[in-house]
J.: 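This structure is in C-alpha cells; I'll ask about it shortly.
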Amino acid sequence: MNQIRVPAAAIASLISDSLGAVGLPGPDAAKVAELMTEADLTGADAHGVFRLPQYARRLKAGGVNPRPDIRVTKTAPATALVDGDNGMGHLVMARAAETAIALARDCGVAWVGARRSNHAGAAGVYAALPLAERMVGIYSVVASANHMAMWGGAETLLGTNPLAVAIPAGEEAPVVFDIASTVVSYGTVKNHRLQGKPMPEGWMVNRTDGQPLTDPEKSNEGLLLPIGGYKGSGLALVLGLLAGTLNGAAFGRDVIDFNADDESACDNGHFIIAVDVARFTPLAAFTAEIDRHVRDLRNSRALPGGEAVRLPGEQRRARRDDRLRHGVPVLPELMTQLDQLAAELGVKRLGER
C-alpha cells in the first residue's frame, strides 16, 4: 500500500484550519483537531482526518451547529447529562469526559450521558481520557447510521455501536480495548470504497438474499455482520439503549444516517464512565498488578503456527510512538480528497504544512 507519511502537527493544523473555515471558533476547532489527530496517531485511521471532508460538508449544510451552547446538568452526586446542542461530537464528549472525571474524583465513580450530539470518532480516544487522571474509562455511543440487523432480521435497525474500556497500567501500556459490535466498523468499509478494494467475505451480507457482499460500492444493499453472531447484535442493542434511550437520544428507526443526510440533526447519544482506582485499591499496587498480569499473558505460550500473543493497547502505544516520530500514513486517495477540500475552503494543503 503506497502511503504518504505526514507529520501529526500538519494533520492537526489542516483539521483546525478547515473547521475554522466552515464556522467553528478557533478553540473548538483546535480541540476537535486534537481528538481527531489522536485517532490517527493511535491507528483508528477511519476516524481521524479521513472524516474531515464529511464533517466539513455537514457543517456547511447546517447538519451540525458550529457554535453550540453545550450544557451539563448534574443529576446526582455521581451522574450528569450533557446536552450537546447539536455540536460536534468531539466537543460534546470532551465536556462529558471532563465532567465524569471531576465527579469521579469526588465520588469514586461517575456515569455521564450525552444527547443532541454528533459523530465523535474513535471510541478508544474517549475511554482513554480518564487515564490521564489514573482512572478507568468506559465509553459507548449510538453509531451515526444503522448498518446491522437484530439477529435473524433483515432491517438495518442497529448501528455498529462500539464499546471501549481503558485501564491504567504502570510501566506497561494501558489496556485499551476498543471494538465495534460488528465484525468491522462502517468506516473501514468506506476506506475500502475509497481505495477501490473488495471486502473479504464475512464482513457483510446482502439483505435481500443473505449472500456475502464484497463490493464496497454496494454496501448500502447490505448488512454488516455482528461479532460472535447473536452476541454481537445483543451487545449493540444494550449499548444503544444505554447510550441512546437512557439519555433521550436517537436509537433504532429514529437514527439519522449521517452518510446520506448532511442537513438533519443526528441526536447522537453517548455515555462515559470514570472509575477512580484508588477508591478500591492503592493505585501503585493496582498498576503493578496490571503490569504483572500483562507480562504473564504476553509471555504465555503461543499457539503453534499462529500469531504472537497480543494484548489490547500494546499496538496502540507502539503505533502512536511510531507515528509521532515518522508521521501518520495517509492514503494517496485520501490526500487527493483533502487537497480538494483545502482548495474549496481556501486553506493550505496538507503537503504545504
Side-chain angles (χ1 to χ4, degrees), residues 1-61 63-68 70 84 87-95 97-98 117-126 128-129 131-132 144 187 190-191 194-195 258 262 316-353:
M1 190 182 300
N2 186 22
Q3 296 179 318
I4 306 156
R5 289 275 186 158
V6 179
I11 287 176
S13 69
L14 172 68
I15 294 171
S16 183
D17 289 351
S18 298
L19 294 178
V22 291
L24 257 67
D28 288 352
K31 172 55 72 173
V32 175
E34 173 192 329
L35 294 167
M36 289 175 66
T37 304
E38 184 66 14
D40 278 321
L41 284 170
T42 52
D45 296 335
H47 290 296
V49 72
F50 175 82
R51 296 280 180 172
L52 181 60
Q54 182 180 22
Y55 291 158
R57 192 173 67 242
R58 282 186 53 76
L59 282 157
K60 289 171 68 176
V64 178
N65 181 359
R67 295 177 177 269
I70 299 172
M88 289 289 290
H90 309 71
L91 300 175
V92 179
M93 280 316 303
R95 186 74 175 275
E98 174 187 294
S117 182
N118 282 285
H119 190 271
V125 168
Y126 301 101
L129 290 177
L131 291 176
S144 299
K190 292 172 74 173
N191 217 340
L194 176 66
Q195 298 176 66
F258 86 141
D262 289 335
R316 175 188 177 89
R317 182 162 78 172
R319 191 178 293 117
R320 192 178 194 280
D321 290 345
D322 172 72
R323 292 181 176 192
L324 278 172
R325 287 196 304 270
H326 305 297
V328 173
V330 177
L331 291 166
E333 296 88 347
L334 177 57
M335 185 69 83
T336 298
Q337 281 193 353
L338 296 174
D339 285 349
Q340 291 171 349
L341 178 67
E344 291 169 14
L345 299 181
V347 300
K348 286 197 301 183
R349 295 184 305 164
L350 192 54
E352 298 170 342
R353 294 173 183 268

J.: If I compare all heavy atoms of Gly89 with all of Ser117, which pair ends up nearest, and what's the gap?
T.: CA-OG, 3.4 Å

J.: For the pair Val6 and Met335, evaluate side chain to side chain contact (heavy atoms under 4.5 Å, CB included) and give the outcome as yes or no after the intermediate values.
T.: CA-CA 10 Å; Val6 179; Met335 185 69 83; 3.8 Å; yes

J.: State whether the side chain of Arg320 and the backbone N or O of Thr42 hold a donor-acceptor pair below 3.5 Å, judged by distance alone.
T.: no

J.: If I take atom CZ from residue Arg57 and atom CD from residue Glu344, how far apart are they, to the nearest 0.5 angstrom?
T.: 10.0 Å

J.: Measure across Ala122 and Ala39 and return the closest heavy-atom pair with its distance rounded to 0.1 Å.
T.: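 Closest approach of Ala122 to Ala39, heavy atoms only: CB-CB, 4.1 Å.
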
J.: Would you check, one step at a time, whether the test side chain to side chain contact (heavy atoms under 4.5 Å, CB included) holds for Phe50 with Leu331?
T.: CA-CA 9 Å; Phe50 175 82; Leu331 291 166; over 6 Å; no

J.: Mind checking the CZ-CE spacing from Arg58 to Met88? Nearest 0.5 Å is all I need.
T.: 9.5 Å

J.: Please determine whether side chain to side chain donor-acceptor pair (under 3.5 Å) holds for the pair Lys190 and Gln54, giving the CA-CA distance in whole Å, both sets of side-chain angles, and the decisive distance to 0.1 Å.
T.: CA-CA 12 Å; Lys190 292 172 74 173; Gln54 182 180 22; 3.2 Å; yes

J.: So which of Val328, Leu338, Leu52 actually passes side chain to side chain contact (heavy atoms under 4.5 Å, CB included) with Ile11?
T.: Val328

J.: Run the ring pair (Phe, Tyr, Trp, His ring centres under 6.0 Å) test against Tyr55 and tell me which residues pass, sequence neighbours left out.
T.: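 Testing Tyr55 for ring pair (Phe, Tyr, Trp, His ring centres under 6.0 Å), a comparison that skips the adjacent residues, returns His90, His119.
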
J.: Residues in salt bridge (charged side-chain N to carboxylate O under 4.0 Å, His left out) with Arg95, at least two apart?
T.: none

J.: Has Glu352 got a side-chain atom pairing as donor or acceptor with Arg349's backbone, closer than 3.5 angstrom?
T.: yes

J.: Indicate every side-chain donor-acceptor pair of residues 13-32 with a distance under 3.5 Å to a residue at least two apart or in another chain.
T.:
residue	atom	partner	partner atom	Å
Ser13	OG	Ala9	O	3.4
Ser13	OG	Ala10	O	3.0
Ser13	OG	Arg353	NH1	3.1
Asp17	OD2	Arg353	NH1	2.8
Asp17	OD2	Arg353	NH2	3.2
Ser18	OG	Leu14	O	2.8
Lys31	NZ	Glu34	OE1	3.4

J.: Test your reading of the model: is there a side-chain donor-acceptor pair from Asn118 to the backbone of Gly87, 3.5 Å cut-off?
T.: yes

J.: Side chain to side chain contact (heavy atoms under 4.5 Å, CB included) between Arg319 and Leu41: does it pass, once the steps are laid out?
T.: CA-CA 7 Å; Arg319 191 178 293 117; Leu41 284 170; over 6 Å; no

J.: Any salt bridge linking Asp322 with Arg317? Criterion: basic side-chain nitrogen under 4.0 Å from a carboxylate oxygen.
T.: no

J.: Check whether any side-chain heavy atom of Pro329 sits under 4.5 Å from a side-chain heavy atom of Ile4, and report yes or no.
T.: no

J.: Spell out, as yes or no, whether a donor-acceptor pair under 3.5 Å connects the side chain of Arg323 to the backbone of Asp40.
T.: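 Yes, because the side chain of Arg323 sits within donor-acceptor range (under 3.5 Å) of the backbone of Asp40.
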
J.: Taking all non-hydrogen atoms of both residues into account, name the closest pair between Ala342 and Lys348 and its distance.
T.: CB-O, 4.0 Å

J.: Rounded to the nearest 0.5 Å, how far does OG1 of Thr336 lie from CG of Leu341?
T.: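 If I round to the nearest 0.5 Å, the distance is 12.5 Å.
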
J.: Between Met93 and Leu129, is a side chain to side chain contact (heavy atoms under 4.5 Å, CB included) present by the stated rule, with each step listed?
T.: CA-CA 10 Å; Met93 280 316 303; Leu129 290 177; over 6 Å; no

